[in-house]
Each structure stands twice: as C-alpha cells, then as structure tokens.
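Written below as structure tokens is the structure these notes are about.
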Amino acid sequence: MAAGETEAAQQQIDEIEALSSIYGEDWCVVDEDEKIYCIKINDCVDQPKWTLCLQVILPPGYPASEPPIYQLNAPWLRGQDYVELANSLEEIYVQNLGESILYLWVEKIREVLIEKAQSSDPEPNIKKTSEEVDEDDGDDFLLDYQPIQEDPIKIVNYIASESQEVDEELPSIHHGNPITDRRSTFQAHLAPVVTPRQVKRVLEKLYENKKIASATHNIYAYRIYCEDKQTFLQDCEDDGETAAGGRLLHLMQILNVHNVLVVVSRWYGGILLGPDRFKHINNCARNILVEYNYVHSVEESSKQAGKSNKIRKDNKKRTEH
C-alpha cells in the first residue's frame, strides 16, 4: 500500500471512530469491508418530526483525492428538495477539498431538517414506527417456503407514469426461507418485474395475504432496466423501518440485479434487535436473490459488490474530467 493510501486509510479510521463516538446508535456500519456506513439524522433529540438517512461509501482516495459516494434516503425527499440538499453537500466538499467532511455533511442535513421543522411545512406522513410492538411472537406468520399458487387476477386501476394502462400478467411470486432472531421473524418475497404496474400488482397480491399484511414492516425495493433509455427505474419503501428500504435498494444496486422486486416482511417479537435487524433484512434479500439466480452464489455476490463499487467509482471519475 502506497504512503498516500496508508494515510487516507488512517484518516478514514479516525473519522469513523469520531463519528461513531459522536452519534452513537444513530451511526451504523453497513459493510466494514466495503466501507459502507449509514447515519440516521433528525431535526431534534426529542420527538423528531423530520428524519433522513445518509448512506456513504468511502473510496480509497477519500479524503485526499476522492469524494464520498453518498445516497440520501427519506420518503419525503423528492424533486427540488433532493437537488438542493445534494448541491449543498457537494458545495461543502468543494469548499473543503482534501479534508474529512462527513461531520459537516451530517450537520448540514440536520440544519435543513431543523429549518423544515420550524417552517410551516407539514410533517411527513409516516405510517408506522420502527420497532413497533407486536404481541404475537411471529411463529404463526410464516408462509410455506413454496411459490404462491396464484388466484385469477383482477384488473387494477393503476396507470404507471409515462405509459398507458395495459393488462399485464401477474408475475410469479416466490417466498424465501425465514430468519428468526429473538422472537422477530424476517422473510423475503421476490417477483420478476419489468414495469411499475407489475410492481403495483405484486404488492397488492402480497397484501391480500393476511400473514404478510399483518407484518410490522413490509420493506421493499425494485430495479427495472429501461433498455430504450439505458437507465434504471428504481424505488424503495421503508414502511416505518427507517432507512431499511434504502439499504435494501443499495444492496440490489451493488449486486447489480435487474428487473426484480424484493419485499422483506418483518414481524416484531417485542425485543429490540438494534442494527442486527438490518443485517437480517439484507441477508434475507441476498439469499432469495441467490436462490432464484439473480446472483449466482453468496461468494459471487460479494465479488459483484466489489465490481459494482469499482465501476461506480470509475464512472464518477470520468464525469469529473
């Protein structure tokens, strides 16, 4: 390892240790080997109204020569709000070239959230609370580990953006092997999708199942490759488990999977799992993607993750020149 890389690695270690100490449980290590971290940021300590999750990947050249690769996750963060906040973060990077900037980013985001809380903006519509108490132990909620036998399909009155409503076949839906930890149970469901309408129909079909509908959280993410535009149509939903949807989507991005919807149901058993719940959500998703050949194996998925990060970094370098 070159001297510059050694210095950068030590600067990253020092920064991560400092941030972990400052933010405590709000700071989370997603993948230590890949240098992926996440921090939950809100407008105040007591009864926050506005919350956002910042995910970052620290490339080898950070902070000396490369910026962090970041993702902003919040159900309310769309359009102009996203653009303005992203511009603010990038401006901070430019103003502090070569310096560690994650703390500045976090506090800038917090400043924006406080401004929203103090303004007349309506509070975001959050349907559920993370770690919601469920007196059932989850054992009765497990679905058979078999594909669903589909019922006759009803026409759904839904029009996907930029496309006309058409009758499409409901994709097959598969269930993954459940994971249980301290009375909480996690189970993934997967369906191949090529249009937003199919995503809508699969979700509606899943929610027809009372076991799935009764889950504390149904977290999902999907990625659809649009060949004509050579880009991805993708989105995610936390369903009250803050940042879980964004983490799930990020996993699918680094595995580079196409044309698939993954839903992870979580039945809360009354015992807080802390960061382990995110590990179980991602493990459920990864396992079902491997089983249905979206990723060849767990080992292959790890290689693909490293390859995707390298491609993303190379693309970023090209756009900067």
Side-chain angles (χ1 to χ4, degrees), residues 25-34 36-40 51-55 57 71 73-75 126-134 137-138 141-143 145 173-191 199 202-203 206-207 211-223 234-255 257 260-292 294-295 298 301-302 304-305:
E25 293 184 355
D26 289 336
W27 176 266
C28 176
V29 178
V30 178
D31 190 323
E32 183 68 45
D33 293 336
E34 297 293 334
I36 304 174
Y37 306 94
C38 177
I39 181 166
K40 183 175 72 174
T51 300
L52 183 149
C53 178
L54 170 67
Q55 286 182 252
I57 302 174
Q71 181 173 318
N73 297 317
I126 303 299
K127 296 185 293 182
K128 300 182 181 179
T129 301
S130 180
E131 301 284 18
E132 180 176 310
V133 175
D134 187 339
D137 62 12
F141 292 155
L142 302 184
L143 300 175
Y145 184 32
I173 304 174
H174 309 284
H175 302 303
N177 206 12
I179 295 175
T180 300
D181 180 11
R182 286 164 282 180
R183 300 181 71 222
S184 279
T185 299
F186 303 79
Q187 187 172 28
H189 323 283
L190 176 149
V199 172
V202 169
L203 292 173
L206 284 172
Y207 294 147
K211 296 176 183 179
I212 295 176
S214 68
T216 312
H217 309 290
N218 283 301
I219 302 125
Y220 71 80
Y222 66 87
R223 300 188 80 216
Q234 57 189 17
D235 203 357
C236 60
E237 170 59 48
D238 296 337
D239 195 29
E241 186 66 287
T242 304
R247 290 169 186 246
L248 177 58
L249 178 58
H250 184 69
L251 173 70
M252 296 170 69
Q253 289 170 334
I254 63 177
L255 296 180
V257 295
V260 64
L261 164 70
V262 177
V263 182
V264 178
S265 301
R266 189 238 177 134
W267 293 271
Y268 178 52
I271 300 174
L272 300 176
L273 301 187
D276 284 349
R277 65 193 191 276
F278 298 115
K279 177 182 68 177
H280 295 323
I281 291 167
N282 274 9
N283 282 344
C284 278
R286 184 190 295 246
N287 290 343
I288 200 170
L289 287 166
V290 168
E291 180 172 2
Y292 288 94
Y294 286 88
V295 180
V298 174
S301 70
S302 297
Q304 183 64 50

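Along the sequence shown, the residues carry numbers beginning at 1. Bear in mind that the values here come from a model prediction, so they are computed numbers and not experimental data.
The structure places CD1 of Ile271 at 8.5 Å from CG of Asp181, a figure rounded to the nearest 0.5 Å. Distance CG/Asn287 to CG/Asn282: 10.5 Å, rounded to 0.5 Å. The structure places SG of Cys53 at 10.0 Å from CG of Asp26, a figure rounded to the nearest 0.5 Å. Here Gln234 contributes atom CD and Leu249 contributes atom CG; the two are 5.0 Å apart, rounded to the nearest 0.5 Å. Annotation: the span from Tyr220 atom OH to Leu248 atom CG amounts to 11.0 Å, rounded to 0.5 Å. Atoms CZ and SG, from Arg247 and Cys236 in turn, are 12.0 Å apart once rounded to the nearest 0.5 Å.
Counting heavy atoms from C-beta outward, Ile281 and Phe186 have side chains that approach closer than 4.5 Å. Residues Leu203 and Leu261 form a side-chain contact, since some pair of their non-hydrogen atoms from C-beta on lies under 4.5 Å apart. Residues Leu52 and Asn73 have side chains not in contact (no heavy-atom distance under 4.5 Å, counting atoms from C-beta outward). No side-chain heavy atom of Asn218 sits under 4.5 Å from any side-chain heavy atom of Leu206.
Checking Gln55, Gln71, His250 one by one against Cys38, the side-chain contact (heavy atoms from CB on, under 4.5 Å) holds for a single residue, Gln55.
Panel note: side chain Gln187, backbone Gly176; a donor-acceptor pair is recorded below 3.5 Å. The backbone N or O of Ile36 sits nowhere less than 3.5 Å from a side-chain atom of Glu34 that would complete a donor-acceptor pair. A distance-only check finds no donor-acceptor pair linking the side chain of Thr185 to the backbone of Trp267 [under 3.5 Å].
Residues satisfying the side chain to side chain donor-acceptor pair (under 3.5 Å) test with Asp276, not counting sequence neighbours, are Arg182.
Between Gly245 and Ala221, the shortest heavy-atom contact is O-CB, 4.2 Å. Minimum heavy-atom separation, Asn283 to Ile179: CB-CD1, 4.2 Å. Heavy-atom minimum distance, Ile212 versus Tyr207: CG2-CD2, 4.3 Å. Of all heavy-atom pairs spanning Tyr268 and Thr216, the tightest one is N-OG1, 3.0 Å. What you find for Asp238 and Ile219 is that their closest heavy atoms are O-CG1, 3.4 Å. When all heavy atoms of Ile288 and Ala188 are compared, the closest pair comes out as CD1-O, 3.6 Å.
Remark: the Ser184 side chain and the Arg266 side chain contain an N/O donor-acceptor pair separated by less than 3.5 Å. Ser265 and His217 share no donor-acceptor pair across their side chains, judged by distance under 3.5 Å alone.
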Exercise for review: Evaluate side chain to side chain contact (heavy atoms under 4.5 Å, CB included) for Val260 paired with Tyr222, printing each intermediate quantity in order.
Suggested key: CA-CA 6 Å; Val260 64; Tyr222 66 87; over 6 Å; no
Point to revise | Audit row: Arg286, Val295, side chain to side chain contact (heavy atoms under 4.5 Å, CB included) steps and yes/no | key: CA-CA 8 Å; Arg286 184 190 295 246; Val295 180; over 6 Å; no
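Using a 30° and 60° split on the angle between ring planes, His175 and His189 fall in the perpendicular class, above 60°.
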